[in-house]
Novice: 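Before I ask anything, here is the structure I am working with.
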There are 2 protein chains.
Amino acid sequence: MDLVRRTIERYVPLTDAEWSRIAPNWQEFAFTRGARICGIGQVEQRFYIVKSGVQRLSFPHDGNDLCIGFAYDGSWCGEFASFLSRKPARFEVTAVTDSALLGIQYDDLQQLYREMPIMERWGRLLVEELILGRAVREVEQLSLSAEERYDRLMARSPHLLQLVPQKDIASYLRMTPETFSRLRKRK
Amino acid sequence: MDLVRRTIERYVPLTDAEWSRIAPNWQEFAFTRGARICGIGQVEQRFYIVKSGVQRLSFPHDGNDLCIGFAYDGSWCGEFASFLSRKPARFEVTAVTDSALLGIQYDDLQQLYREMPIMERWGRLLVEELILGRAVREVEQLSLSAEERYDRLMARSPHLLQLVPQKDIASYLRMTPETFSRLRKRK
DNA sequence: AGTAGTTCTTGACCCACATCAAGCGTGATC
DNA sequence: GATCACGCTTGATGTGGGTCAAGAACTACT
């Protein structure tokens with residue numbers, strides 16, 4: 001649970017008093033491999049910090065899943081768009097491995113925002129960071145070839161190959177499992 | 001200038017007192033057609049609200065520009081990633097038509113965030129909205145064919161065709177000008 | 001251990017869209 | 001109103017990566 005405090009404090013400092021107001025709002029959730037953390041059509045109720053495990057963000061598209069991203073230790077997890085907008089999720093979140101997540105309920109977070117300007121700031125900085133990540137990924141998607149995207153991911157997150165099925169990585173890189181397999185062989 | 005107040009009040013209510021603190025931080029900027037609003041490599045100094053005109057967000061990629069998005073009346077404008085991170089811009093912002101923009105300086109905005117929790121909230125809600133827009137676009141990019149993307153854009157923003165060169169729209173839709181031209185003919 | 005359901009690999013083939021090239025507006029500049 | 005510079009169109013040709021298919025290697029379940 002201290003993980004939550006450390007994670008928040010990467011953005012804003014917290015006094016012990018502030019933390020003791022915040023802490024009770026966070027709860028631990030366990031998901032077994034393959035479990036659905038948020039399904040398409042439902043409204044995401046929580047925002048999570050990953051304590052352990054790997055999770056996948058994806059959406060189904062004629063037959064197979066298109067993979068949008070992964071979350072792991074220390075990163076955020078959840079269907080943010082649904083969480084923020086309170087609209088049905090377009091993406092689903094699945095536990096790729098057994099996972100322990102620390103989550104906060106939407107209403108509780110809004111209450112914290114209302115009571116504590118420091119939390120409002122945290123919320124802003126957090127979403128700003130998400131935007132920056134998206135911008136980087138957008139450039140890479142647009143300007144790199146299939147092979148370059150493969151190289152880039154393997155350079156940055158080689159561990160992913162051990163953690164999640166190749167077809168998911170392939171989909172994340174916007175290529176078919178066949179192409180991914182052929183690229184691996186070439187190296 | 002009242003446009004700024006109205007735009008902010010789409011997210012949070014402002015008292016006259018609050019507004020009179022905020023207003024002096026916003027300034028009007030004029031750009032003529034073709035002018036560079038933010039160049040690649042420089043740090044975006046301002047966050048803009050569009051008073052009039054159309055602007056383009058793009059980045060160069062072997063020879064031509066890859067177009068990421070457009071801004072027009074009432075929407076936000078600028079290289080947000082650079083503005084938020086204070087790092088050199090990866091994208092450039094160009095005036096497609098003569099443009100009048102209302103802008104606020106980075107430091108001034110941070111000062112407002114510090115002084116006024118209501119502005120901090122505005123900032124949070126604003127970036128949340130930007131993220132939601134990205135999610136929608138990401139789904140469309142991934143799940144629609146070139147022709148479907150064309151149809152979707154023509155249904156939603158037919159006016160764009162009158163405002164910006166076809167090659168930019170083509171690039172925004174991730175296709176060559178030739179493909180775009182052929183799609184138009186088919187309709 | 002045996003069966004069934006996945007995922008990964010490999011080969012053969014295909015196609016949507018890109019690339020290349022040439023001619024045609026159209027509007028800015030002198 | 002001639003010249004120049006782009007943007008748009010149209011046709012011919014090329015190709016990266018997708019699709020289809022079939023077998024091999026895992027994994028999970030009983």
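Order of the sequence lines sets the chain letters (A, B, ...), proteins ahead of strands, with each chain counted from 1. If you're wondering where the values come from, they're calculated on a predicted model, not measured in any experiment.
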Novice: Testing the 3.5 Å rule here: is there a donor-acceptor pair between the side chains of Arg174(B) and Gln141(A)?
Specialist: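 There is no such pair between these side chains.
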Novice: Look at Arg184(B) and dT9(D) and indicate whether a side-chain polar atom (N or O) is within less than 4.0 Å of OP1 or OP2.
Specialist: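 Checking dT9(D) against Arg184(B), a side-chain N or O does come within under 4.0 Å of OP1 or OP2.
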Novice: Take Tyr11(B) and Glu129(B) through the side-chain hydrogen bond (donor to acceptor under 3.5 Å, both in side chains) test and state the conclusion after the steps.
Specialist: CA-CA 10 Å; Tyr11(B) 298 85; Glu129(B) 188 188 66; 2.5 Å; yes
Novice: Fit a plane to each ring of Phe47(B) and Trp122(B), take the angle between them on a 0 to 90° scale, and name the class: parallel (under 30°), tilted (30 to 60°) or perpendicular (over 60°).
Specialist: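 Perpendicular, since the angle between the ring planes exceeds 60°.
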Novice: Please give, in whole Å, the distance from dT7(C) P to Leu161(A) CG?
Specialist: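 Rounded to whole Å, this separation is 15 Å.
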Novice: Expressed in angstrom and rounded to an integer, what is the separation of Asn64(B) atom CG from dA18(C) atom P?
Specialist: 11 Å
Novice: Might you confirm whether atom CZ of Arg33(A) has over 12 heavy atoms from other residues, nucleotides or ligands at distances under 6.0 Å?
Specialist: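 Open: at most 12 neighbouring heavy atoms sit under 6.0 Å from CZ of Arg33(A).
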Novice: Tell me the interatomic distance from Asp65(A), atom CG, to dT7(C), atom C1', rounded to whole angstroms.
Specialist: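 Those two atoms, CG and C1', are 14 Å apart.
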Novice: Once you round it to whole Å, what is the distance between P of dC17(C) and CG of Leu183(B)?
Specialist: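 The answer, rounded to whole Å, is 8 Å.
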Novice: Is the phosphate of dT10(D) approached by Lys185(B) (side-chain N or O, under 4.0 Å from OP1 or OP2)?
Specialist: yes
Novice: If the helix axis at each end comes from five base pairs, how far does the helix from dA1(C)-dT30(D) to dC30(C)-dG1(D) deviate from straight, to 10°?
Specialist: 50°
Novice: Return the residues of residues 136-144 of chain A meeting this criterion: a heavy atom under 4.0 Å from some atom of DNA chain D. Order them by number, or give none.
Specialist: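 By residue number: none to list.
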Novice: Classify the ring geometry of His159(B) against Tyr72(B): parallel below 30°, tilted from 30° to 60°, perpendicular beyond 60°.
Specialist: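 Answer is perpendicular, since the angle exceeds 60°.
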Novice: Grab the CD1-C1' distance between Ile169(B) and dG7(D) for me, whole Å please.
Specialist: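 For the pair Ile169(B) CD1 and dG7(D) C1', the rounded distance is 13 Å.
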Novice: Output yes when Glu44(B) and Arg86(B) qualify as a salt bridge under the 4.0 Å nitrogen-oxygen rule, no when they do not.
Specialist: no
Novice: Both Gln166(A) and Thr176(B) contact DNA chain C. Which one's nearest nucleotide lies toward the 5' end?
Specialist: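 So the residue in question is Gln166(A).
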Novice: Base, sugar-phosphate, or nothing: which does Arg33(B) touch, judged by heavy atoms less than 4.0 Å apart?
Specialist: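 Contact class for Arg33(B): none.
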Novice: Is a salt bridge present between Arg5(B) and Glu9(B), judged by a nitrogen-to-oxygen distance below 4.0 Å?
Specialist: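 Looking at Arg5(B) and Glu9(B), the cut-off is met.
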Novice: Just N and O in the side chain of Arg182(A): are any of them under 4.0 Å from OP1 or OP2 of dT9(C)?
Specialist: no
Novice: Please report the distance, rounded to the nearest Å, between CZ in Arg149(B) and C1' in dC17(C).
Specialist: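 In whole Å, dC17(C) C1' and Arg149(B) CZ are 10 Å from each other.
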Novice: Just how far, in rounded Å, is P of dT19(C) from CE of Met175(B)?
Specialist: 14 Å
Novice: Looking at Glu128(A) and Arg124(A), does any basic side-chain N land under 4.0 Å from a carboxylate oxygen?
Specialist: yes
Novice: Quick test of your reading of the model: are Glu79(B) and Lys87(B) salt-bridged, counting only N-O distances below 4.0 Å?
Specialist: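 Judged by the 4.0 Å cut-off on N to carboxylate O distance, Glu79(B) and Lys87(B) do not form a salt bridge.
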Novice: Is any side-chain nitrogen or oxygen of Thr179(B) closer than 4.0 Å to OP1 or OP2 of dC17(C)?
Specialist: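 Result: no.
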Novice: Return the value, rounded to whole Å, for the distance between atom CD of Glu178(B) and atom P of dA18(C).
Specialist: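 Atom CD in Glu178(B) sits about 8 Å away from atom P in dA18(C).
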Novice: Within the 4.0 Å heavy-atom criterion, would you say Pro165(B) contacts the bases, only the backbone, or no part of the nucleic acid?
Specialist: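 The residue Pro165(B) makes sugar-phosphate contact but no base contact.
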Novice: Got a salt bridge between Arg21(B) and Glu115(B), using NZ or NE/NH1/NH2 to carboxylate O under 4.0 Å?
Specialist: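 Answer for the salt bridge query: yes.
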